[in-house]
Amino acid sequence: MKFSNTLIYWYLQNNRELPWRKSKNPYFIWLSEIMLQQTRVAQGLSYYLKFTEAFPTVFDLAKADESTVLKMWQGLGYYSRARNLHFSAKLIANELNGEFPSTYKEIIKLKGIGDYTASAIASICFNEPTAVVDGNVYRVLSRYFGIFTAINSTAGIKEFKTLAQTLIDEIKPGTYNQAIMDFGALHCKPQNPLCNSCPFSESCIAFEKKLTKELPVKEKKIKVRKRYFNFLVIKTDDNKTILSERKGKGIWQGLYQFPLIESEQIINQEEIIASEKFIDLFPNETTISLFNKKEIIHKLSHQHLYTNFWVVETKKHKKANVSWSKIEDFPVPILIANFLDQFQLKK
DNA sequence: CACGCGTGGGC
DNA sequence: TGCCCAAGCGT
């Protein structure tokens with residue numbers, strides 16, 4: 001049987017019932033695709049439900065403040081997705097009359113949408129035969145065809161996209177695209193793929209040659225940077241604290257945090273108090289204590305953050321801009337959200 | 001265009 | 001435990 005037919009047949013029996021699959025509304029499909037970038041269905045699902053309830057149309061999303069969108073995105077990671085989603089929602093609502101672009105060529109122009117997402121939306125919503133290539137597709141195709149070209153090399157990206165495009169079902173491109181991804185996620189898994197019950201076991205090169213574990217090939221690994229974070233959790237007499245938005249290019253752009261003293265190594269209380277930032281913030285007397293007994297190691301994909309939370313009690317402070325009762329309104333990285341949970345618990 | 005961007009789950 | 005992985009994209 002044809003590759004695509006086998007896949008679609010498998011899909012008809014094994015597909016997952018997911019809320020966005022009940023619709024071909026490009027707004028819903030778009031939302032789901034952005035949320036699922038580099039994210040498991042199990043992690044993204046509740047966010048999808050929350051977003052579609054709060055923002056049933058692109059106009060509702062466009063009307064929201066960016067900080068509200070980020071707050072709702074809190075915990076899902078890769079926050080530029082939320083900022084780009086919101087940017088594009090405003091563009092669609094205000095400049096396109098709320099009408100989602102209907103071709104791959106137009107869809108990919110939107111901020112936050114690349115080749116994968118444009119292909120997914122164009123095929124699922126508008127029946128355009130544009131093949132998706134995500135992590136699942138790399139795995140399925142590299143194994144089935146026995147391709148050792150690195151999936152994250154320029155040559156690999158091109159080779160797999162071209163191959164995927166030759167395999168797509170021209171009649172049901174959307175179904176085909178979802179089928180190959182579900183097949184990769186549920187059957188041709190990274191570890192312990194279900195080769196013994198596989199509809200491709202007669203023709204899969206990796207299965208035949210016992211190369212499943214070697215494929216797909218991925219080049220080089222990322223190096224992890226170590227950073228040392230000291231957050232100053234301020235409690236003033238009038239029950240306020242200081243939060244500020246992270247600007248610029250690095251991690252957590254648009255999210256809020258406590259005043260941060262970053263150091264090259266682990267530093268102790270004396271060094272905190274002696275630091276320029278601390279003196280600038282607290283020229284007068286304060287009480288300082290370390291909240292966490294052991295330093296918290298927060299692991300991002302490419303940074304390890306060795307973190308201490310220092311509770312600083314002080315008199316009224318002119319820079320204290322946030323009431324403790326309002327602190328939950330601010331979008332914060334999960335590292336800080338977890339701290340706040342612990343901190344509020346102890347009170 | 002190689003790199004930076006989060007978080008959580010699985011083994 | 002440490003490492004890899006997960007419906008990628010912007011710069």
Side-chain angles (χ1 to χ4, degrees), chain A residues 15-16 18 20-21 28-48 70 73-85 87-88 107-124 130-140 150-158 160-161 164 174 176-186 188-193 213 215-225 227 246 248-255 297-305 331-338:
Chain A
N15 74 80
R16 291 174 283 187
L18 300 168
W20 49 87
R21 288 187 174 163
F28 292 136
I29 302 299
W30 173 44
L31 201 51
S32 72
E33 292 298 345
I34 300 297
M35 284 182 170
L36 294 179
Q37 287 169 6
Q38 299 289 282
T39 305
R40 285 190 173 75
V41 168
Q43 194 189 356
L45 186 56
S46 66
Y47 287 84
Y48 175 83
L70 281 171
W73 199 273
Q74 182 178 305
L76 198 52
Y78 284 155
Y79 297 94
S80 66
R81 292 184 295 173
R83 297 194 308 271
N84 290 335
L85 179 79
F87 180 93
S88 294
I107 294 168
I108 202 170
K109 289 179 184 169
L110 294 170
K111 199 175 275 188
I113 294 188
D115 177 66
Y116 163 78
T117 306
S119 301
I121 298 172
S123 64
I124 294 168
T130 46
V132 296
V133 183
D134 72 334
N136 294 306
V137 176
Y138 282 124
R139 188 168 54 257
V140 172
I151 61 171
N152 56 347
S153 64
T154 307
I157 291 166
K158 208 175 155 189
F160 281 96
K161 176 73 184 182
Y176 168 83
N177 275 336
Q178 294 184 84
I180 193 168
M181 289 191 286
D182 255 23
F183 181 74
L186 302 175
C188 193
K189 301 180 291 176
Q191 279 93 30
N192 309 316
K213 281 186 179 168
L215 292 168
V217 173
K218 207 170 185 176
E219 253 169 18
K220 62 201 154 188
K221 30 186 159 177
I222 53 170
K223 42 185 162 186
V224 175
R225 173 157 75 120
R227 302 175 73 177
R246 285 187 71 98
K249 289 224 161 207
I251 55 173
W252 302 330
Q253 189 188 338
L255 276 59
I297 306 173
H298 184 74
K299 294 179 177 178
L300 289 72
S301 52
H302 52 292
Q303 294 184 29
H304 288 184
L305 309 177
V332 295
I334 211 68
L335 171 63
I336 290 178
N338 288 342

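Within every chain, numbering begins at 1; the chains are lettered A, B, ... in the order of the sequence lines, protein sequences first and strands thereafter. Quick caveat, the model's predicted, so the values are computed rather than measured.
Atom NZ of A/Lys189 sits in a crowded spot, with more than 12 heavy atoms from other residues, nucleotides or ligands closer than 6.0 Å.
Side-chain proximity of A/Gln191 to the nucleotides C/dC5, C/dA7, C/dG2 is greatest for C/dC5. Ranking B/dG6, C/dG10, C/dC5 by closeness to the A/Lys111 side chain, first place goes to C/dG10. Comparing B/dG6, B/dT7, B/dA2 by their nearest atom to the side chain of A/Thr154 picks out B/dA2. Ranking B/dG9, B/dT7, B/dC5 by closeness to the A/Arg40 side chain, first place goes to B/dG9. Listed candidates were B/dC11, B/dC5, C/dA7. Nearest to the side chain of A/Asp182 is C/dA7. Comparing B/dG4, B/dT7, B/dC11 by their nearest atom to the side chain of A/Trp252 picks out B/dT7. Distance from the side chain of A/Gln38 is smallest for C/dG8 among the nucleotides C/dG8, C/dG10, B/dG9. Comparing B/dG6, C/dA6, B/dC5 by their closest approach to the side chain of A/His302 singles out B/dC5. With distances taken from any side-chain atom of A/Gln43 to the nucleotides C/dA7, C/dC5, B/dG8, the minimum falls on B/dG8. Checked against B/dT7, C/dA7, C/dT11, the side chain of A/Val41 finds its nearest nucleotide in C/dA7.
Base contact: A/Arg21 has a heavy atom under 4.0 Å from a base atom. Among the heavy atoms of the strands, none lies under 4.0 Å from A/Ile157. Contact annotation for A/Gly44: no contact, since no heavy-atom pair falls under 4.0 Å across all strands. Within 4.0 Å (heavy atoms only), A/Gly184 reaches no atom of the nucleic acid at all. As judged by a 4.0 angstrom heavy-atom cut-off over every strand, A/Leu300 is placed among the base-contacting residues. Residue contacts shown for A/Trp73 are absent, as no nucleic acid heavy atom lies under 4.0 Å away.
Looking at A/Thr39, its side chain has no donor and acceptor atom pair within 3.5 Å of the base of B/dG8.
The distance from atom NZ of A/Lys249 to atom P of B/dG6 is 13 Å, rounded to the nearest whole Å. Rounded to whole Å, atom C1' of B/dT7 lies 9 Å from atom CZ of A/Arg81.
Residue A/Gln303 places no side-chain N or O under 4.0 Å from the OP1 or OP2 atom of B/dG4. For A/Arg139, a side-chain nitrogen or oxygen approaches OP1 or OP2 of C/dA6 to under 4.0 Å. When the side-chain nitrogen and oxygen atoms of A/Tyr79 are compared with OP1 and OP2 of B/dT7, one or more of them lie within a distance under 4.0 Å. Using a 4.0 Å cut-off, some side-chain N or O of A/His298 falls inside it from OP1 or OP2 of B/dT7. Residue A/Gln37 has no polar side-chain atom (N or O) positioned under 4.0 Å from OP1 or OP2 of C/dA7.
Closest-nucleotide positions on DNA chain C for A/Ile113 and A/Pro216 were compared, and the one nearer the 5' end corresponds to A/Pro216. Mapping A/Asn338 and A/Lys223 onto DNA chain B by nearest heavy atom places A/Lys223 closer to the 5' end of the strand.
Between A/Gln253 and A/Arg83, the side chains place a donor N or O and an acceptor N or O closer than 3.5 Å (distance only, hydrogens not considered).
As rounded to the nearest Å, C/dA7 and B/dA2 have P atoms that lie 23 Å from one another.
Taking a 4.0 Å limit (strictly below) on heavy-atom distances, residues 114-122 of chain A reaches DNA chain C at A/Gly114, A/Asp115, A/Tyr116, A/Thr117.
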Bracket notation of DNA chain B in which parentheses pair within the strand, [ ] cross earlier pairs, and | pairs with another strand (Watson-Crick or G-U, under 3.5 Å):
.||||.|||||

